[in-house]
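Protein chains get the first letters and strands the later ones, always in sequence-line order, with residue 1 at the start of each. Values in this document were obtained by computation on a predicted structure and should not be read as measured data.
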2 protein chains.
Amino acid sequence: MMEHDHNAILKKVRQELPADELLSDLSDLFKIFGDTTRCKILYALFESEMCVCAIAELLGMTQSAISHQLRILKDADLVGKRREGKTIYYFLSDDHVRTIIAQGFEHLIEDYTERE
Amino acid sequence: MMEHDHNAILKKVRQELPADELLSDLSDLFKIFGDTTRCKILYALFESEMCVCAIAELLGMTQSAISHQLRILKDADLVGKRREGKTIYYFLSDDHVRTIIAQGFEHLIEDYTERE
DNA sequence: CTAACATATGAACAGTCATTCATATGAATG
DNA sequence: CATTCATATGAATGACTGTTCATATGTTAG
């Protein structure tokens, strides 16, 4: 294996390839979007901030499961939280989340329409 | 749990929430980006099409490992391939891939600059 | 201070997934 | 047509991850 020559291409690509750490952070970010529950939560928060138990009811899932996922989203700074008495409201932290998901959707939709 | 009232919000969000299947497809798409190896491959293909063994050498990984990942990327229509004799060249299938990754990077970079 | 509610968290389990190893396919060359 | 090179693939394995269960933390009301 690897007997024919492609050193020219390798050299060029190596120059442009971002650092390992950055690419690792990037895939970590996408990893977060790569779960249905988390996508649903994020999408729900598009519309309005929500407390944990409302999200749980919306998705038909345990409060615990939602809490665990919210923690992941919070650690990644994708959502923020705000306390109001006993309840804690979560919200999208910035608009990049919207753009990233919107872009993903655009890709999907193009796929769907191409199939027809 | 779930004793206080948030029916109004739930009703509103339920209307706007995309179908389960679509959200599932969306997270499946992001799942593909959520792996360092695949991110690296995609990023490498930004620059130029590449054959399997060149990618393997670039990333310092087994040809087999790369082949497996390329299959996943191909199944998701994120890359295409082209045969030229014994070697097979892979390339990005469309520009959405670029945009999605670029958007992810933008989010990361904003995070980095905010920290200073 | 105690009871009730809202959320968080740790441990455990089950399912998923990326890599490796061995091997198979497929193309070109002599 | 046998050998070599380029790639593909199936099975196995180890690591990771999402959910559940039990329980802890923190807040408000009485």
Side-chain angles (χ1 to χ4, degrees), chain A residues 1-7 9-10 20 23-24 27-42 45 49-76 79-91, chain B residues 1-6 9-10 20 23-24 27-42 45 49-76 78-91:
Chain A
M1 59 195 87
M2 173 50 204
E3 310 244 343
H4 70 283
D5 188 40
H6 35 227
N7 285 336
I9 291 168
L10 281 183
D20 262 40
L23 281 168
S24 176
S27 62
D28 284 346
L29 176 65
F30 285 124
K31 218 169 284 175
I32 293 172
F33 291 93
D35 174 82
T36 314
T37 303
R38 287 192 291 267
C39 267
K40 284 182 187 173
I41 293 176
L42 290 172
L45 298 182
E49 63 170 19
M50 277 188 159
C51 68
V52 181
C53 65
I55 300 173
E57 196 193 352
L58 175 69
L59 305 190
M61 293 179 66
T62 312
Q63 171 267 320
S64 178
I66 301 299
S67 253
H68 278 295
Q69 297 303 341
L70 283 171
R71 179 155 170 46
I72 293 173
L73 294 172
K74 183 74 171 54
D75 285 349
V79 303
K81 60 174 163 177
R82 165 179 86 77
R83 165 156 250 145
E84 196 175 309
K86 283 176 290 190
T87 67
I88 294 182
Y89 291 93
Y90 281 84
F91 49 87
Chain B
M1 59 196 90
M2 173 49 206
E3 309 243 345
H4 69 283
D5 188 41
H6 34 226
I9 292 168
L10 281 184
D20 262 40
L23 280 169
S24 177
S27 63
D28 284 347
L29 176 65
F30 285 123
K31 217 168 286 173
I32 293 173
F33 291 92
D35 174 84
T36 314
T37 304
R38 286 192 292 266
C39 267
K40 284 181 186 172
I41 294 176
L42 291 172
L45 299 182
E49 64 170 17
M50 278 189 156
C51 67
V52 180
C53 64
I55 299 173
E57 197 193 348
L58 175 69
L59 305 190
M61 294 179 65
T62 313
Q63 171 267 320
S64 178
I66 301 297
S67 253
H68 278 295
Q69 297 303 339
L70 283 170
R71 179 154 169 51
I72 292 172
L73 293 172
K74 183 75 172 55
D75 284 349
L78 296 178
V79 303
K81 59 174 163 177
R82 166 177 85 77
R83 167 156 248 145
E84 193 175 310
K86 283 177 288 191
T87 66
I88 294 183
Y89 291 94
Y90 281 84
F91 49 86

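- Atom CG in Asp75(B) sits about 12 Å away from atom C1' in dT9(D), given to the nearest Å.
- Considering only the side chain of Ser64(B), dC21(C) comes nearest among dG18(D), dC21(C), dA8(D).
- For Thr87(A) against dT7(C), a side-chain-to-base donor-acceptor contact under 3.5 Å is absent.
- The closest side-chain heavy-atom distance from His6(B) to Cys53(A) is below 4.5 Å.
- In this structure, Asp35(A) atom CG and dC17(C) atom P are separated by 11 Å, rounded to whole Å.
- Two residues are said to be in side-chain contact when any heavy atoms from C-beta on lie closer than 4.5 Å; Leu42(A) and Val79(A) meet this criterion.
- His68(B) qualifies as a stacking partner of the dT9(D) base, centre to centre under 5.5 Å and near-parallel within 30°.
- A close approach under 4.0 Å does occur between a side-chain nitrogen or oxygen of Arg38(B) and OP1 or OP2 of dA18(C).
- When the side-chain nitrogen and oxygen atoms of Thr62(A) are compared with OP1 and OP2 of dT20(D), one or more of them lie within a distance under 4.0 Å.
- Within the 4.0 angstrom heavy-atom criterion, no nucleotide atom of any strand lies near Ile55(A).
- Between dA6(C) and Tyr90(A), no contact under 4.0 Å exists linking OP1 or OP2 to a side-chain N or O.
- Distance CZ (Arg83(B)) to P (dA28(C)): 7 Å, rounded to an integer number of Å.
- Between Glu49(B) atom CD and dA6(D) atom P the separation is 16 Å, expressed in whole Å.
- In terms of modelled atom types and a separation under 3.5 Å, the side chain of Arg83(B) and the main chain of Gly85(B) share a donor-acceptor contact.
- Contact check, Lys81(A) against dA8(C): a side-chain N or O comes under 4.0 Å of OP1 or OP2.
- Between Arg71(B) and dA8(D), a side-chain N or O to OP1/OP2 separation shorter than 4.0 Å is absent.
- The aromatic rings of Phe30(A) and Phe30(B) lie parallel to each other, their planes meeting at an angle below 30°, with 60° marking the opposite boundary.
- dT7(C) atom P lies 15 Å from atom CE of Met61(A), rounded to whole Å.
- Contact check, Thr37(B) against dT19(C): a side-chain N or O comes under 4.0 Å of OP1 or OP2.
- Atom C1' of nucleotide dA8(D) and atom CD of Gln69(B) are separated by 14 Å, given to the nearest angstrom.
- For the OP1/OP2 pair of dC5(C) and a distance below 4.0 Å, the side-chain nitrogens and oxygens of Gln63(A) include no atom meeting the criterion.
- Applying the 4.0 Å criterion to OP1 and OP2 of dA8(D), one finds that Lys74(B) has every side-chain N and O outside that range.
- In this structure, CD1 of Ile88(B) is placed 9 Å from C1' of dG26(C), rounded to the nearest angstrom.
- Atom CD of Glu84(A) and atom C1' of dG26(D) are 16 Å apart (whole Å).
- Summarising the base pairing, dA24(C) is matched to dT7(D) through a Watson-Crick or G-U wobble pair whose two defining distances lie under 3.5 Å.
- Considering only the side chain of Lys86(B), dG26(C) comes nearest among dG26(C), dA6(C), dG10(D).
- Both Leu70(B) and Ile72(A) lie close to DNA chain D; mapped to their nearest nucleotides by heavy-atom distance, the more 5′-ward contact belongs to Leu70(B).
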Exercise for review: Decide side-chain contact (heavy atoms from CB on, under 4.5 Å) for Ile55(A) and Met61(A); before the verdict, give the C-alpha distance in whole Å, the side-chain angles of both, and the deciding distance to 0.1 Å.
Suggested key: CA-CA 8 Å; Ile55(A) 300 173; Met61(A) 293 179 66; over 6 Å; no
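- Of the listed residues (Arg71(A), Gln69(A), Gln63(A)), just one forms a side chain to side chain contact (heavy atoms under 4.5 Å, CB included) with Ser67(A), and that residue is Gln63(A).
- Neither OP1 nor OP2 of dT7(C) sits under 4.0 Å from any side-chain N or O of Ser67(A).
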